[in-house]
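Sequence lines set the chain letters: A, B, ... in the order given, protein chains first and strands last, and positions in each chain run from 1. Being a predicted model, the structure only gives us computed values, none of them experimental.
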Amino acid sequence: MPTHRILAITGQTDEAPDCRTVRLDGAMDAQPGQFVMVWVPGRDEFPMSVSYIGDNFGVTYRIVGNGTRSLSAMNPGDKIGIRGPYGRGFEITGRRMLAIAGGTGMASIAPLVEKAVESGVEVDLALGAKTAPELIMRGRCEEAGAKVHVSTDDGSAGMKGLATDIAAKVLDGGDFDSVCACGPERMTTGVLDLAQKRGLPLQASLERYMKCGIGVCDSCAIDGKHVCVDGPVFSREVLASLTDLGRTRLSISGRRVPLD
Amino acid sequence: MLASGILNETGKSMLEVARAGAGAIVTKSLGIAERSGHPNPCIAEIECGLLNAMGLPNPGVKAYADDIKEAKAGGVPVFGSAIGGSPEEIAEVAVALSAAGVDAVELNLSCPHAKGYGVEIGSSPEKVREVCGGVKSMIDIPVFAKLTPNTSSIASLASAAEEGGADGIVAINTLKGMTICPELKMPVLSNRIGGLSGPAIRSVGVRCVFEIFEAVNIPVIGVGGISTARDALEYIMAGAQAVQIGTAIRSQGTAVFADVCVGLSDFMSENGYKSVSDMVGVAHVADT
C-alpha cells in the first residue's frame, strides 16, 4: 500500500477569480462531502473536497497560499499525489432537500446535488457568494435538475444578502425534510440556527487546518471531535454541541486562535 | 496510557481518550516556545505502520496550561511531555508543566525528526544523566525518560537516566525511517526522515524493554506497536509495568483502550494471574 496515488493532471479550469478545478487521470470512489489529501510535490499537502467523483475525478480549490499557487501553475501531464478519500460525507436522506452553499463550499455541494437528484430527491439549492463572478457550478446544478436560488453580498446577482438569508426564504416556502450545507463557518452557524428553529435534520461540513487526515495528530480537533475522521460533515446535534464552532480554531502549532 | 503525539493537542481530545478507558494520558510534547512543526506532508501511511515527521508542533507550554486542566477532568493521571534544545530548557518546561498541574513529567529525549531536539540530546548517556538530574532537582513529581531505539545500547541510556534520578523509563520512541515515492523520485515527507510507529516496530520495542528491565531497578513503561492485549502482554512480560498506545487509534479509534484492558483481564483470569504486576518481567524467568 503506497502512501499516495500519483496521478497526472488532465486539465485545470477557472471557476472564479482565485478558484480553480483540477481534473486528474484517475478514478475516485467517494461520497459527496468526503475529502482527499492533495500532495503538491516539493511544496505542501492539504485537504480538498472531491468536487468531481468517479472517473477523471477533480478537486476545486481556492488559491490562498504558496502551495495552492504552485498547484494552479501546474500543467496537464504534471503529477500530484493523492491519499484518501477520507472522512464522513453527506448522507442522502428524505424526499426534499435544501442544499446550501457559500463560495467554494460548492465544491462538495455540487456532487451532492447531482447524486441526490439521481436518487430521486427533489433538491433546491441556495447558493451564495460575495459577488456574481464568485458563484461557481451554478449551471452544473441546474443541469442536474436542482432549483437554484442565488444570493450575493453585493447584489450583483440574485437576492442581495447572505446565503443564509436566501436559504431562510426558501425554507419558509417549501416543505423540506433535509438540509445540507457547506460554506464559511459564519454561514454554517447561521444555517445551524435556521435548522434548530425549524427542527430540521441538518448535515454541514466544517473546515480546519489538517496535518495527518487520518485521526491521529489532533490538529483538526474541535471539542474533542476530529474534522478528518468524525467529519468533515457533522449532524445538527453534534454541531449544536460544539462550543468552538464559529469561535476558535487551532493554528498550525496547535494554538487556539479566534476564527477568521 | 495514551502515548505522546497522538490525539493530545487539545484538552478535550485527551478527555475523550480518558473517557474511552485510557489509564493515563501523556500530552503532546511541549517546549518553551511555540513551534509550527514541519510542512506537510508530515505523515506517510505505509505497510504495518505510520511514518511521521510532525516536527514537534506545539503552542508552547504556557499556552497549553488550560488543555492540561481540561485533560485532568478525565480523572486519570496526566503526564506532561517535555522537549527542549538544552538541559536547562527541558528543566524549564518541566517546571512549567508541574506548575500547570501534571501528575508526572515524561522527558522526550528521543524525537527522531526535529533538529536539535529529542534524539540529539537523548542519544548520549552523559546528556541523558544530566537532563534527568537537572529536572529532578527542580520538581517534586515523578520524572520519566522516554528513550530512543535509534542507538546501539538503549540499556545504557536507561542506566544513565536512572543514575540521573529518573523515576522511570518509557521505551520506545519511533524508529528513524524514510519512504520514497518512485514516480516523483523524492522522499514523501517534507522532512525526508521520519519516525516509524505501529506494528512494524513492536518486536524492537519488546526487545528494548527486555534489555532495559535487566539494566535498571526503576519501572519501565512499554510503547511501540501495541494494538491488542496480546501485544501489551509481550511488553509486560518483557518487564513493562504499564503500556502506551498511539498509532493503533488510527485503525481502531479510541475503543482500543477498553479493548486492550478487557483482553488483559480475560487473559489474566484464564491463566490465573491476580494482578498485572504478577506478569511483569516473567519472560526473564526462563533465562539461565
Side-chain angles (χ1 to χ4, degrees), chain A residues 1-8 37-48 65-68 70 78-84 86 208-230 241-244 248-257, chain B residues 3 5-17 19 28 30-31 33-48 50-60 63-64 66-67 70 179-186 188-190 197 246-251 253-254:
Chain A
M1 179 191 67
T3 183
H4 293 84
R5 285 164 70 196
I6 306 302
L7 298 173
M37 292 298 285
V38 177
W39 176 28
V40 180
R43 302 301 304 208
D44 205 346
E45 183 192 45
F46 18 64
M48 289 183 173
N66 290 334
T68 42
S70 297
D78 289 348
K79 288 172 176 164
I80 61 175
I82 297 289
R83 53 188 181 100
Y86 293 129
R208 283 294 182 275
Y209 177 75
M210 277 182 201
K211 290 178 194 267
C212 79
I214 55 173
V216 295
C217 80
D218 211 25
S219 59
C220 66
I222 173 162
D223 285 87
K225 301 267 188 298
H226 297 91
V227 173
C228 68
V229 291
D230 301 316
S241 73
L242 301 175
T243 56
D244 293 338
T248 62
R249 62 180 179 86
L250 298 174
S251 73
I252 188 169
S253 72
R255 180 186 284 272
R256 194 175 305 280
V257 295
Chain B
I6 308 281
L7 294 193
N8 47 17
E9 196 165 279
T10 58
K12 288 208 178 82
S13 294
M14 293 187 278
L15 189 56
E16 291 292 325
V17 174
R19 286 178 177 156
K28 188 163 231 6
L30 297 152
E34 182 175 5
R35 279 175 67 94
S36 298
H38 296 309
N40 284 354
C42 49
I43 203 144
E45 300 168 69
I46 60 176
E47 296 85 349
C48 300
L50 288 178
L51 197 59
N52 91 83
M54 291 289 167
L56 301 173
N58 77 92
Y64 193 81
D66 287 345
D67 294 285
E70 270 180 317
T179 185
I180 287 173
C181 174
E183 294 89 348
L184 299 174
K185 302 180 283 188
M186 63 168 78
V188 172
L189 299 176
S190 71
S197 62
T247 303
I249 291 173
R250 167 208 183 191
S251 49
T254 52

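The closest side-chain heavy-atom distance from B:T254 to B:E16 is not below 4.5 Å. At a threshold of 4.5 Å between non-hydrogen side-chain atoms, the residues A:K211 and A:I252 count as touching. Side-chain contact between A:T3 and A:W39: absent, with no pair of heavy atoms (C-beta onward) separated by less than 4.5 Å. Residues A:T68 and A:M48 are in side-chain contact: their nearest non-hydrogen atoms beyond the backbone lie under 4.5 Å apart.
Taken from NZ in B:K28 to OG in A:S253, the straight-line distance is 10.0 Å, to the nearest 0.5 Å. Rounding to the nearest 0.5 angstrom, the gap separating the CG atom in B:N52 from the CD atom in B:E45 is 12.0 Å.
Of the two parts of B:N8, only the backbone, made up of N, CA, C and O, holds a non-hydrogen atom closer than 4.5 Å to a non-hydrogen atom of chain A. Looking at B:S36, the atoms closer than 4.5 Å to chain A (heavy atoms on both sides) sit in the backbone and in the side chain alike. Only the side chain of A:R83 comes within contact range of chain B, with heavy atoms under 4.5 Å apart. When heavy atoms are compared at a cutoff of 4.5 Å, A:I214 approaches chain B by way of both its backbone and its side chain. The contact between B:A44 and chain A is made by backbone and side chain atoms together, counting heavy-atom distances below 4.5 Å. Proximity to chain A (any heavy atom under 4.5 Å) is shown, for B:L7, by both the backbone and the side chain. Residue A:L250 touches chain B through its side chain alone, counting heavy-atom pairs closer than 4.5 Å. If you measure heavy-atom distances from B:L50 to chain A, the contacts under 4.5 Å come from the side chain alone.
Partners of A:D218 according to the salt bridge (Lys or Arg N to Asp or Glu O under 4.0 Å) rule, which considers only residues two or more places apart in sequence or in another chain, do not exist here. Remark: A:D244 pairs with A:T248, A:R256 by the side-chain hydrogen bond (donor to acceptor under 3.5 Å, both in side chains) rule, at least two apart or across chains.
For the set A:G81, A:A221, A:S219, A:G215, the count of heavy-atom pairs under 4.5 angstrom toward chain B peaks at A:S219. Counting heavy-atom pairs closer than 4.5 Å to chain A, the top-ranked of the candidates B:P57, B:G37, B:P41 is B:P41. Annotation: maximal heavy-atom pairing with chain B below 4.5 Å, among A:H226, A:M37, A:E45, occurs at A:E45. With chain A as the partner, the residue from B:N58, B:I249, B:V17, B:L51 showing the most heavy-atom pairs under 4.5 Å is B:N58.
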